[in-house]
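First listed ligand is number 1; within each ligand, the first listed atom is number 1.
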Amino acid sequence: MTGAGVLKKKYDIVVVGAGPAGASAAQSAASLGVRVLIVERKPLVGIPVRCAEYIPAPLLGELNVGHRFVVQRVRGMKTILPDGTEKTTLTPGLMIRRDLFDQALCISAQDAGAELLLGTAAVSLEGQRLLLRRRGGDFFEVEAKVVIGADGPHTRVGKWMESVNTHLIAAVQAVVPLVHPLEHTEVYFDKDFCGGYGWLFPKGGEANVGLGIRKDLCNPNILRTAIGGFLERLTREGKIHNAPVSRTAGWVPSEPPRTVVKGRLLLAGDAAGQTHPITGAGVFQAVVGGKMAGKWAATAVRENDLSLLAGYEEEWKDFFGETHERGFQRRLLLDKEWERLDQVIKKCWVAFREYYKD
Ligand SMILES: Cc1cc2nc3c(=O)[nH]c(=O)nc-3n(C[C@H](O)[C@H](O)[C@H](O)COP(=O)(O)OP(=O)(O)OC[C@H]3O[C@@H](n4cnc5c(N)ncnc54)[C@H](O)[C@@H]3O)c2cc1C
């Protein structure tokens with residue numbers, strides 16, 4: 001995928017960001033017959049990977065993008081509590097290669113008619129005039145009737161509409177060799193993992209081992225030392241070889257439901273804070289949110305009525321609102337009561353029945 005193409009200056013919709021939210025938004029809008037441009041600041045879609053690469057199995061059925069990116073199936077999730085007790089939940093899932101997944105979604109958007117400009121960042125917006133900057137420095141403008149911000153946790157489009165993420169979890173991850181293949185994802189709670197958790201997600205002979213914490217709840221340096229300790233623990237337990245082949249880091253929104261539509265602007269995926277506030281899972285939400293945003297944007301353009309964009313926010317809230325609100329309330333409780341982790345964890349983690357009770 002080159003991203004090359006003839007640049008037209010006027011678009012119905014410009015999508016900022018070619019992650020799962022942006023590609024899905026572009027695909028659904030372009031398939032409704034409007035002119036769509038995706039701009040992505042990175043030179044290659046999906047690289048570097050900043051993800052533990054788990055998706056729920058049913059997501060595959062929602063997409064028509066093959067399964068070349070699937071590395072292994074998982075039966076469910078094991079949750080390991082600080083006292084060592086384990087709880088297994090059966091939630092069939094897939095471990096994927098996120099780079100190939102994101103690329104497959106982009107190809108699908110291009111097949112539907114969207115243009116893709118790589119190495120191009122959205123810089124500012126004035127009315128319908130969107131200023132873009134190519135890697136290397138050239139600035140140029142395009143016109144957009146609607147702009148969809150699918151530009152990740154530190155969204156620039158969100159700044160233009162004064163709707164940004166304010167509760168972010170810092171995450172680090174290493175890819176390590178596994179001692180034995182595993183059939184479940186594993187999630188670890190520990191007092192040292194302030195406001196977050198550790199994960200061991202298997203993918204064939206390797207695993208993504210990572211840690212997310214609320215840096216504002218503890219000494220920010222703890223992330224580096226805690227991941228080292230976590231890798232040593234998993235090595236002692238005979239699960240992994242402590243020989244990282246690569247490392248990555250990133251930010252995960254943990255937000256209350258908030259405004260995702262203003263004027264001609266929409267937000268989707270991490271830019272909209274649609275990530276689950278407790279689990280940090282966001283790929284499914286980005287795909288679904290992106291598809292909805294693209295559909296409503298195309299409808300508003302075709303009807304020449306920007307007020308129709310409000311339909312996106314309503315549909316998102318109908319679909320995800322309750323789940324998201326519950327997740328955010330549990331997030332507040334977990335942060336407040338972190339010192340009493342043992343007592344509150346069942347109320348605050350999705351594997352336990354208590355989580356779903358009011
Ligand atoms: C360490 C880690 C592990 C995770 N593990 C999982 C997991 O296992 N399962 C899961 O479901 N979720 C996971 N998540 C969350 C998941 O990765 C995100 O929710 C998902 O990537 C959101 O997709 P998105 O399209 O909204 O944003 P992104 O994937 O972040 O894509 C945004 C894109 O916008 C581009 N961009 C940004 N600014 C501009 C600009 N100004 N102009 C042009 N382009 C721009 C970026 O380069 C990027 O490509 C994890 C996150 C982290 C950090």
Side-chain angles (χ1 to χ4, degrees), residues 3 14-26 37-56 59 74 77 93-96 98-99 101-103 105-106 116-125 130-135 147-160 165 168-175 185 187 196-201 203 207-213 223 227 247-255 260 267-277 279-291 293:
V14 175
V15 179
V16 182
S24 304
L37 172 68
I38 316 171
V39 292
E40 167 55 57
R41 71 177 171 197
K42 293 187 298 202
L44 292 169
V45 170
I47 297 171
V49 170
R50 291 198 174 96
C51 185
E53 301 180 295
Y54 169 88
I55 59 168
L59 179 56
V74 287
M77 172 176 69
L94 302 171
M95 288 299 299
I96 59 167
R98 251 304 287 275
D99 52 347
F101 178 77
D102 287 16
Q103 287 162 14
L105 292 179
C106 270
L116 171 64
L117 267 186
L118 294 173
T120 306
V123 177
S124 61
L125 182 74
L130 180 63
L131 184 66
L132 303 174
R133 183 173 195 243
R134 274 192 238 279
R135 272 172 100 84
V147 174
I148 299 178
D151 48 347
H154 296 288
T155 169
R156 185 174 287 245
V157 178
K159 282 187 195 128
W160 302 338
N165 294 314
L168 288 166
I169 305 266
V172 288
Q173 181 176 275
V175 177
T185 56
V187 166
Y197 63 84
W199 63 84
L200 166 62
F201 285 8
K203 41 177 198 177
N208 293 328
V209 173
L211 189 58
I213 63 163
L223 195 54
I227 184 80
R247 291 177 189 269
T248 189
W251 295 93
V252 185
S254 177
E255 295 288 306
V260 292
L267 297 175
D270 277 12
Q274 289 171 341
T275 322
H276 192 286
T279 65
V283 174
F284 175 76
Q285 289 84 339
V287 168
V288 176
K291 276 180 184 288

- Query: Any idea which atoms of ligand 1 are less than 4.0 Å away from a heavy-atom of G280?
  - Reply: 12 (N), 13 (C), 14 (N), 15 (C)
- Message: I'd like to check whether V283 has a polar contact with ligand 1, where a contact means an N/O of the residue lying under 3.5 Å from an N/O of the ligand.
- Response: yes
- Heteroatom proximity flag, A52 to ligand 1, N/O under 3.5 Å: yes
- Item | Heteroatom distance test (P20, ligand 1): nitrogen or oxygen, under 3.5 angstrom | yes
- Query: What residues form a salt bridge (Lys or Arg N to Asp or Glu O under 4.0 Å) with K291, not counting sequence neighbours?
  - Reply: none
- Specify the protein heavy atom at minimum distance from atom 25 (O) of ligand 1: its residue, its atom name, and the distance to 0.1 Å. A21 N, 2.9 Å
- Polar atom proximity, A122 to ligand 1 (N or O, under 3.5 Å): yes
- Non-hydrogen atom of V157 closer than 4.0 Å to ligand 1: no
- A150 and ligand 1 - part of the residue with a heavy-atom distance under 4.0 Å: backbone
- Query: Nearest heavy atom to atom 37 (C) of ligand 1: which of I47, L168, D151, I38 does it belong to?
  - Reply: D151
- Item | Closest to atom 38 (N) of ligand 1 (judged by heavy-atom distance), picking from R133, R41, R50, E40 | R41
- Query: Based purely on interatomic distance, does W199 place a nitrogen or oxygen under 3.5 Å from a nitrogen or oxygen of ligand 1?
  - Reply: no
- Query: Does an N or O anywhere in W251 fall below 3.5 Å from an N or O of ligand 1?
  - Reply: no
- Heteroatom proximity flag, R98 to ligand 1, N/O under 3.5 Å: yes
Distance-only criterion, 3.5 Å: show the donor-acceptor pairs between side-chain atoms of residues 151-158 and protein atoms not counting sequence neighbours.
from : atom 1 : to   : atom 2 : distance (Å)
D151 : OD1    : T155 : OG1    : 2.7
D151 : OD2    : T155 : OG1    : 3.3
D151 : OD2    : R156 : N      : 2.8
D151 : OD2    : V157 : N      : 3.0
T155 : OG1    : V157 : N      : 3.3
T155 : OG1    : G158 : N      : 2.7
R156 : NH1    : V123 : O      : 3.1

- Enumerated ligand 1 atoms positioned under 4.0 Å from heavy atoms of E53: 7 (C), 8 (O)
- Among protein heavy atoms, which lies nearest atom 12 (N) of ligand 1, and at what distance? G282 N, 3.0 Å
- Using distance alone, decide if ligand 1 has a nitrogen or oxygen within less than 3.5 Å of any nitrogen or oxygen in V16. no
